[in-house]
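Quick note: numbers below take in every heavy atom, side chains included, and nothing from hydrogens, waters or symmetry partners. Every chain is numbered from 1, with letters handed out A, B, ... down the list of sequences. Being a predicted model, the structure only gives us computed values, none of them experimental.
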Amino acid sequence: MPELPEVETTRRGIEPHAAGRAIREVIVRRHDLRQPVTPGLDDIAGRRITGVRRRSKYLLIDIDDGRVLLVHLGMSGSLRVTDAAAAWRKHDHVALTLDSGAQLRYHDPRRFGLVLLLPHGAETNHPLLARLGPEPLGDGFSAATLAAACRNRSATIKQVIMDGGVVVGVGNIYASEALFRAGIRPRTRASRVGPRRLARLAEAIRAVLGEAIGQGGTTLRDFVNSDGNPGYFRQRLFVYDRGGEPCRVCATPVRRAVVGQRSTFWCPACQKP
DNA sequence: CGAACCTCCTGCGGGC
DNA sequence: TGCCCGCAGGAGGTTC
């Protein structure tokens, strides 16, 4: 479900409620997520949250003793700010009660997500984070780094931009959208996309992610932000989930195929091999 | 090393 | 209405 814009939307929603707050209570109702919730998580009760950061699709909740609470939303997760007295919903697995009376609730039906407490200083070399590529909206990602990643790769261009070692945060929706904006068909081999088109693609990735953050992310089915509201970028999608519908630029029917095990959408007229 | 395939889990929509 | 099937926004693991 959540890609980078949805995670960033969540971060922006959580941060004002969480930063500076003390954690009054930690509640773990289910620990069997993709990895078990760190045993002894309630050890952070009484500590204070100093900030909420994001790296790739991970949320990093900083604790005042230097530890970091790492949260990943997987395919179906959300992190919401509720009143501590609010009724529990099915699949609310972890909650932090804050000294404001609010509660951060982690909700994840499919349990593909993570809630892990990392020791002080362990964040940069943690296996989940250590090998991540550059942030798409940061300085580390450019036409040059994308071109270097595409050189001698036989994989499709779509698979390369979804490879977190190349650039993080580009998931299945925004991969199709960025390729549409760059005019490149998703099944084109990465090594066959020229430098000018790669430059266009790098810019398209930045643009689509930036705009999606501005709209509070994309809700296809069940993404909700920290207030429980959907994101509005879906109406700006050009191709994703629009198979058979007219291209919003040229009216040619949008095509769908499975590329790298994932549904993929493109306009056969606007996008070239 | 890269690429293809499989897996975790629950819910929902479509077809019959 | 109800049941079965396929599919879903992520990403780590296995195999060749």
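OP1 or OP2 of B:dA3 has at least one side-chain nitrogen or oxygen of A:Ser154 nearer than 4.0 Å. Phosphate proximity of B:dC9 to A:Arg34: absent, as no side-chain N or O sits under 4.0 Å from OP1 or OP2. For the OP1/OP2 pair of B:dG11 and a distance below 4.0 Å, the side-chain nitrogens and oxygens of A:His91 include at least one atom meeting the criterion.
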Sort me out a list of protein N/O and nucleotides 6-8 of chain C N/O pairs below 3.5 Å, or just none if empty.
residue, atom, partner, partner atom, Å
C:dA8, OP1, A:Arg256, NH2, 3.4
C:dA8, OP1, A:Ser263, OG, 2.1
C:dA8, N3, A:Arg110, NH1, 3.1

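Taking atom P on both C:dC7 and B:dC5, the two are 15 Å apart, rounded to the nearest angstrom.
Between A:Phe233 and A:Tyr174, the two ring planes are tilted [angle within 30° to 60°]. Between A:His93 and A:Tyr106, the ring planes lie tilted relative to each other; the angle falls in the 30° to 60° range.
Residue-to-nucleotide proximity on DNA chain B shows that, of A:Arg131 and A:Arg189, the 5′-proximal contact is made by A:Arg131. Along DNA chain B, the nucleotide closest to A:Lys90 and the one closest to A:Thr156 are compared, and the more 5′ of them pairs with A:Thr156.
The side-chain ring of A:Phe112 is stacked on the base of C:dG10, judged by centre separation under 5.5 angstrom and plane angle under 30 degrees.
Looking at heavy-atom distances under 4.0 Å, A:Phe233 makes no contact with the nucleic acid at all.
Nucleotide B:dC12 is matched to C:dG6 when pairs are restricted to Watson-Crick or G-U wobble geometry with both distances under 3.5 angstrom.
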